[in-house]
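The sequence lines fix the lettering, A, B, ..., with proteins before strands; numbering per chain opens at 1. These values consider heavy atoms only, across backbone and side chains, with no hydrogens, waters or symmetry-generated copies. All values reported here derive from a predicted model rather than from experimental measurement.
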There are 2 protein chains.
Amino acid sequence: MAAEEAAVRAQAETVRRLKQDKADPDEIAKEVSKLLEMKAQLGADEGKHKFVLKTPKGTRDFGPREMAIRERAFKAIISCFKRHGAEVIDTPVFELKETLTGKYGEDSKLIYDLKDQGGELLSLRYDLTVPFARYLAMNKITNIKRYHIAKVYRRDNPAMTRGRYREFYQCDFDIAGQFDPMIPDAECLKIVHEILSDLQLGDFVIKMPWEEVRSEMVGEKGLSPEAADRIGEYVQLHGGLDLIERLLQDPKLSQNKLAKEGLGDMKLLFEYLTLFGITGKISFDLSLARGLDYYTGVIFEAVLLQQENEHVEEPVSVGSVAGGGRYDGLVGMFDPKGRKVPCVGVSIGIERIFSILEQRLEASEEKVRTTETQVLVASAQKKLLEERLKLISELWDAGIKAEMLYKKNPKLLNQLQYCEDTGIPLVAIVGEQELKDGVVKLRIVATREEVNVRRESLVEEIRIRTSQC
Amino acid sequence: MAAEEAAVRAQAETVRRLKQDKADPDEIAKEVSKLLEMKAQLGADEGKHKFVLKTPKGTRDFGPREMAIRERAFKAIISCFKRHGAEVIDTPVFELKETLTGKYGEDSKLIYDLKDQGGELLSLRYDLTVPFARYLAMNKITNIKRYHIAKVYRRDNPAMTRGRYREFYQCDFDIAGQFDPMIPDAECLKIVHEILSDLQLGDFVIKMPWEEVRSEMVGEKGLSPEAADRIGEYVQLHGGLDLIERLLQDPKLSQNKLAKEGLGDMKLLFEYLTLFGITGKISFDLSLARGLDYYTGVIFEAVLLQQENEHVEEPVSVGSVAGGGRYDGLVGMFDPKGRKVPCVGVSIGIERIFSILEQRLEASEEKVRTTETQVLVASAQKKLLEERLKLISELWDAGIKAEMLYKKNPKLLNQLQYCEDTGIPLVAIVGEQELKDGVVKLRIVATREEVNVRRESLVEEIRIRTSQC
């Protein structure tokens, strides 16, 4: 045992030195994780009562403050999805193992399997797209616009400071069905644009990897690789509608029916994006490629540009915050007769967005409320617990958000301090005189103003005074 | 292979007959599940392209209609939790295996383990209470009121028609901290009462199993088993404050200091419940006992009484829809120094509630909207796709929930039919004449009334006309 203990101490020293030297956060995280595992092993050996108090590697708890930030972001995303008429679905966190097999190529090794405890072999979902396709095929749905917000699981190397976790949320919006070309695709890009603007994450650009456009032209449209590469030559780091126009004017390309068709689709998409007023943020990019196996057509990725907020001391290295594309073949993989349902969708990478929002709030020192309590029911004198219970019960039944301290005889100062700490704007104070007079003293925490309010008007008065909340 | 196929056919026949005979739904479910597994096996043998299109045993998808019902119930529950000043937290779906070890007694065999793929040994959470205690100990939190709504996992025998699943939601509200006796306990019971009343689930009763009260008196308060049993003799099937009063007047009990104390606590609880006006629904019940290892004090369970709704053809057998109690020792099991944090909480069994709400909606034939779309952007003539895209983009940017059909030249009839099918109340129709005149024709779907609205007033007009949504 002494040897193991010495090893743990040495590892702890390694971590200490890395921190002192302000080493790469990911490297520190790796070494800390190793240390924790060594400690865990040691603890397990030492006896039953030494628990390892940690969440599994690559995961984290969300406390009330983080949840408040998270819910703000979800609210913006959900209202965008609803604004675009999406329904919502949910699927189980695990699927039959075979449902996920053959969908993710190389990345399949990152899938979490459940232990075989008898019965079916199961795996945790790796994304929300494959379960969606399974759902469509299973229910023979050929036409739906839905969103799905849920956690997915990847046994990847975590980089928590950059928002890369093993358990993380995805916020997916997809349109399934046979429609006229590029209309749903354009809407997906519009949605990304709306959400990133709404969350005020700073400047961003939506990039469409040229590699994929090329392979679509060659693979789907049957264009010769030489012609496609000829197109590629034109493409600089960025490009939009102007670029496509120039390509279409090239006689070598415009003589080729298939090249013309492929470019025609791109042109159509950019025309729709122009009508949506969002082409300024969208460009092709030669340097990008996405890995998933199931994409068949246009794919895209939204990237945040360098944070300009000077208050943030250490800007988070972010990168991709949304991605998506067309996957016309996936549903057919599940259908017994191979019937295809064309799909296009977008996934918002919410964890990276959280990282930014958290860091920004940290820097701004804005006080984040973690409850919505409108009023604290308090008393200035002793022996009024029963009266407080009666009043708070009345308020709850009237739909008012109310709290009280769980003490028989709390001090008024402690009650007021609680409001200061938690941001409760009002205090309803019951006292013997007030009870006789049929009133409640209402104190406005911010101004320290106090007014007597008739008991029967209290609910209405609280509503009016907190209506901005 | 022929033998396996014959076995599948025989099993299919068994299922058909059970359905025809209107057998016990659980028995049918069991046989269907067996059939599906046999088919799965057969499919797996037959070749790669035969996928088994199902969710894992004991789980289900939620489609848009089910989600609309589910979100209605969540809304009621969350607003109750917020009304009582709760913060919200979230924890990972899996925990270190050892975190769950020794917390659930016999039920531990129902825990889902993850496969050992290298690294830590993990298990899916079995409830939200143990992760909560782990969270408190890990973050040294001694005082919090929080709710947590998330899925938990149990490898139990599913009985889906009764709302018993292997993956299901729990909605937990807990109060942790050292407080004056019975105040937080009473609030937990008030919360159950509010939620069950709000959801209009019909009549219910909250039962406190006498067994546990007895064991608390014997175990925690040190009362002799004989004295406790003497109390038990008094207890009929139901009983409340009157019963406790009678017990306190028994000379043999009131001479015993510990019995008096235990009964005193119960009396205090019932006094608080009287102030909350909810004692009518609360009683002791000799016939109940709850299994979890970690409870230490008062525990309770809310049970729905026979459905009175005569429209429901087959009343769902429901039973317990909420439960909870005091667990003062659990956090200490995680703390290295065994420091205790007293806790009391309640868990709402939402799946059973869904079953009832779903069945009720089925019976009422109420049309459930699955989107919130306010307006469909339509056209009556051809070649107006660009104008529709421009208008819908304006509406989205103004925060209006708007949809359009993804067709270049949709028929007006199809567009109106879509509104009928999905419950969209308004149609904004663009036409050549309207474009010239700077107006949009707004059609009210319910009345078929049509009015011309100036383009710059359209957003406001849609807001006013849909403000009740």
Side-chain angles (χ1 to χ4, degrees), chain A residues 44 51-53 55-57 59 61-64 67 82-83 85-96 98 112-115 117 119-120 122 134-135 137-138 146 151 155 167 179-180 183-184 194 272 275-277 334 336 370-373 386 389-390 393 396 399 401 403 406-408, chain B residues 50-57 59 61-64 67 82-83 85-96 98 112-115 117 119-120 122 134-135 137-138 146 151 155 167 179-180 183-184 194 272 275-277 334 370-373 386 389-390 393 396 399 401 403 406-408:
Chain A
F51 279 99
V52 190
L53 277 177
T55 61
K57 186 178 175 188
T59 69
D61 295 320
F62 281 78
M67 285 299 281
K82 286 192 172 175
R83 196 157 59 235
E87 302 181 286
V88 58
I89 71 159
D90 192 23
T91 65
V93 82
F94 42 59
E95 295 277 345
L96 298 187
E98 60 175 323
Y112 276 98
D113 291 330
L114 269 74
K115 192 167 147 185
Q117 296 169 289
E120 302 159 335
L122 307 175
R134 191 267 306 147
Y135 170 80
M138 183 173 143
R146 80 88 181 83
K151 288 173 174 178
R155 292 181 60 255
E167 174 188 61
F179 301 114
D180 279 330
I183 312 178
E194 283 180 25
Y272 297 161
L275 292 166
F276 288 161
F334 288 104
T370 55
T371 68
E372 298 174 10
T373 308
E386 300 207 345
L389 288 170
K390 249 162 83 176
S393 184
W396 285 332
K401 292 166 194 149
E403 284 185 75
Y406 300 124
K407 278 181 103 54
K408 269 168 102 161
Chain B
K50 284 260 177 168
F51 280 99
V52 190
L53 275 176
K54 68 182 285 289
T55 61
K57 186 178 174 187
T59 69
D61 294 321
F62 282 78
M67 285 300 281
K82 287 193 171 173
R83 196 158 59 235
E87 302 179 286
V88 58
I89 71 160
D90 193 22
T91 64
V93 82
F94 41 60
E95 295 277 345
L96 297 187
E98 60 175 322
Y112 277 98
D113 292 329
L114 269 73
K115 192 169 149 185
Q117 294 169 289
E120 302 160 334
L122 307 175
R134 191 266 307 146
Y135 170 80
M138 183 172 142
R146 80 87 183 82
K151 288 175 175 178
R155 293 181 58 255
E167 174 188 61
F179 301 114
D180 279 331
I183 312 179
E194 282 180 25
Y272 296 161
L275 291 166
F276 288 161
F334 288 105
T370 55
T371 67
E372 298 175 10
T373 308
E386 300 206 345
L389 288 171
K390 248 162 84 177
S393 184
W396 285 332
K401 293 168 193 146
E403 285 185 73
Y406 301 124
K407 277 180 104 53
K408 270 168 100 161

Given 3.5 Å as the limit, does a donor-acceptor pair link the side chain of B:R83 with the main chain of A:T373, or not? no
query: Short question: side chain of B:D61, backbone of A:T91 - any donor-acceptor pair under 3.5 Å?
result: no
_Testing the 3.5 Å rule here: is there a donor-acceptor pair between the side chains of B:E87 and A:T371?_
no
Bottom line for B:R146: the part with an atom under 4.5 Å from chain A's heavy atoms is neither
Of A:S393, A:A137, A:P92, A:G277, the largest count of non-hydrogen pairs under 4.5 angstrom with chain B goes to A:P92
### Message
Keeping A:E95 on the side-chain end and B:T55 on the backbone end, is there a donor-acceptor pair under 3.5 Å?
### Response
no
CZ (A:F276) and NZ (B:K390) are apart, to the nearest 0.5 Å, by 12.5 Å
Assess the residue pair A:F62 and B:I89 against the criterion (side chain to side chain contact (heavy atoms under 4.5 Å, CB included)); give the C-alpha distance rounded to whole Å, side-chain angles, the decisive distance to 0.1 Å, and a yes or no. CA-CA 5 Å; A:F62 281 78; B:I89 71 160; 6.0 Å; no
Hits for side-chain contact (heavy atoms from CB on, under 4.5 Å) against B:K151, two or more places apart or cross-chain, chain-then-number order -> A:D90, B:Y153, B:E167, B:Y169
Bottom line for B:L122: the part with an atom under 4.5 Å from chain A's heavy atoms is side chain
Count the heavy atoms belonging to other residues, nucleotides or ligands that lie under 6.0 Å from CD of A:Q117, then report whether that count exceeds 12. yes
Distance col, row B:E194:CD vs A:W396:CH2, nearest 0.5 angstrom, shows 7.0 Å
What one should report as the nearest heavy-atom pair of A:K57 and B:E120 is N-OE1, 2.8 Å
*Step by step, would you call A:V88 with B:T370 a side chain to side chain contact (heavy atoms under 4.5 Å, CB included)?*
CA-CA 8 Å; A:V88 58; B:T370 55; over 6 Å; no
Do the rings of A:Y112 and B:F94 sit parallel, tilted or perpendicular, given the 30° and 60° boundaries? tilted
Can you find a pair of side-chain heavy atoms, one from A:L114 and one from B:K115, that are under 4.5 Å apart? no
Separation between CG (A:L96) and CG (B:L53), nearest 0.5 Å, reads 9.5 Å
Sorted by chain and number, sequence neighbours left out, side-chain hydrogen bond (donor to acceptor under 3.5 Å, both in side chains) with B:K82 holds for A:E372
Ranked by heavy-atom pairs below 4.5 Å to chain A, first place among B:D113, B:I183, B:T59 goes to B:D113
